[in-house]
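What you see is a predicted model, and the numbers here were worked out from it, not measured in a lab. Sequence lines set the chain letters: A, B, ... in the order given, protein chains first and strands last, and positions in each chain run from 1.
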Amino acid sequence: MSEWWTYSLSDFLLFSPRTYHRLFELYNEAVWPAHIAAAALAIAIMVSIRRNDGRTVAAILAIVWLWNAWAFHLDRYATINWAAVYFAAAFVLQALLLLWTGVVRDALDLSSRSRTGITLFAFALVIQPAIALLVGRPWTQSEIFGLAPDPTAIATLGILLLARRPQWHALAIPLLWCIVTGLTLWTMEDPGALLSPMAAALAFALAAWKTLAPSRKPRDESHRG
Amino acid sequence: MTHAPLTRRAMLVASAAAATLPALSTAQQAILTRAIPKSGEALPLIGLGSWITFNVGNDPAGRNASTAVMRAFFAAGGRLIDSSPMYGSSQEVIGEGIKKAGNASRLFAATKVWISGGSNGPAQIEESRRFWGVPKFDLLQVHNLLSWEEHLPTLFAMKAAGTLRYVGVTTSHGRRHDELERIMKTQPIDFIQITYNVASREAESRILPLARERKIAVIVNRPFEGGDLIEATRVKPLPAFAAELGCKSWAQLMLKFIIAHPAVTCPIPATTSVAHVQENLAAASGSFPDQAMRARILAAVGTA
């Protein structure tokens, strides 16, 4: 792209805020009662986290990432944004990474009980669906975990923060998505634009801390004197 | 270049207004035209853009509102609608709209080819034609000069074969004027599309004079700088001299500034509002500002 420095984010915006938010309204209407299934999956995730059953959690997350790729990006978002095809591919890749990490390798040890992780997960489940109402849009435009990409990405970040060791390969796409969606909403001057990037920054910082901080060694019991 | 976000209520009002258009249009002044330099064919001085505004996906309410805008556009004497494969669902929405509007017989269909590699051009053009539901395009433009060396031979061949009437290239935001100038000097194109408005006047120095010299029609995109100029003048009182030009809004004044330039064939403001499309088309009637008046418009907007 020549003269790239002359471009602004708004040059890449293809749709109006109204069209974007109506997309969620029509999507919610079309996929109902999938919301009940999404809520059941969220409860199943909570139970599985409590049992430290990383395999089940990873499998459920993979399902919802695949659902988002197909039902949201390809079937809906692609009607107003040609880039959604690439987003769908990234979401499928994320599902595969979750399956590989959590199911095939069984490497998702979710026993760290990170408060930040639990907070992000709870935010995605409870607060994010309420944002539409909080900023004055109809509740029918709510974005729900499992069905809409933003709460799905943030919930995934929260869950992955519960892992004993940060799984960077599984964190990368949710982190990137939070930036992409943040930029889209920022360009539309949406009041909630910073939420996803802030969640991503928090998740990134905590995962980096876990990676870089020296691991605690077991105390040497031989020197008691 | 949406003037303002359209609420659902506003859209219902707009749809209702569109139903009364025949009566409204008879009361309007005739829309003025300007000749396409290469052919002499007259084109109304205001066209209709579709960037963002018609990309409503499968939203039935959005599609109905777009149809209402198109119906109003044709009823007021408009002809040229411009789109691109880059604009999401806009081409499908236009296709549905011109079919449902029922008054699109004088449509001047203008779209673009926007794909890397010349060999991919024909398939994209055919897909666009199916979306529009037209037998052939009046104008095909190479979008943002993307692979123009490869696409232009295809477009010239289509024109020679009678499956296309005019060939053009586009840029926006005042970018790549050196390359555009080179194309204008070396290629037998019929149209260029550029950004030109009271705030972005880069085209005045070389591109617009060259267009006159080379008899190239000029479509003007972003006449309101993507809506920024409408926003910037929202609370400014309209200057008294606007009445001398028959302008009732800043939008009309800014459109008259553009079409007063003799090299300009038509600006293509985009809107989601029936009232705004009528207001825009009304700017192509009455008198136009001379040089002194154009300077006064610039001063009034604050971009002199």
Does [atom1] in [X] sit with more than 12 non-hydrogen atoms of other residues, nucleotides or ligands closer than 6.0 Å?
X: A/Glu189; atom1: CD; result: no
X: B/Lys99; atom1: NZ; result: no
X: A/Phe123; atom1: CZ; result: yes
X: A/Trp168; atom1: CH2; result: yes

Quick one: pull up [atom1] in [X] and [atom2] in [Y] and give me the separation to the nearest 0.5 Å.
X: A/Phe15; Y: B/Tyr87; atom1: CZ; atom2: OH; result: 15.5 Å
X: A/Thr79; Y: B/Asn55; atom1: OG1; atom2: CG; result: 7.5 Å
X: A/Arg76; Y: B/Asp59; atom1: CZ; atom2: CG; result: 10.0 Å

- prompt: Pick from B/Pro85, B/Ser89, B/Gly88: which one has the most heavy-atom pairs with chain A under 4.5 Å?
  reply: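 Heavy-atom pair counts peak at B/Ser89.
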- prompt: What closest approach, in Å, do A/Ser16 and B/Ile52 show between heavy atoms, and which atom pair accounts for it?
  reply: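 That would be N-CG2, 3.5 Å.
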- request: Quick one: which of A/Asn81, A/Thr19, A/Leu14 has the most heavy-atom pairs under 4.5 Å with chain B, could you say?
  value: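 Among A/Asn81, A/Thr19, A/Leu14, the one with the most close pairs to chain B is A/Leu14.
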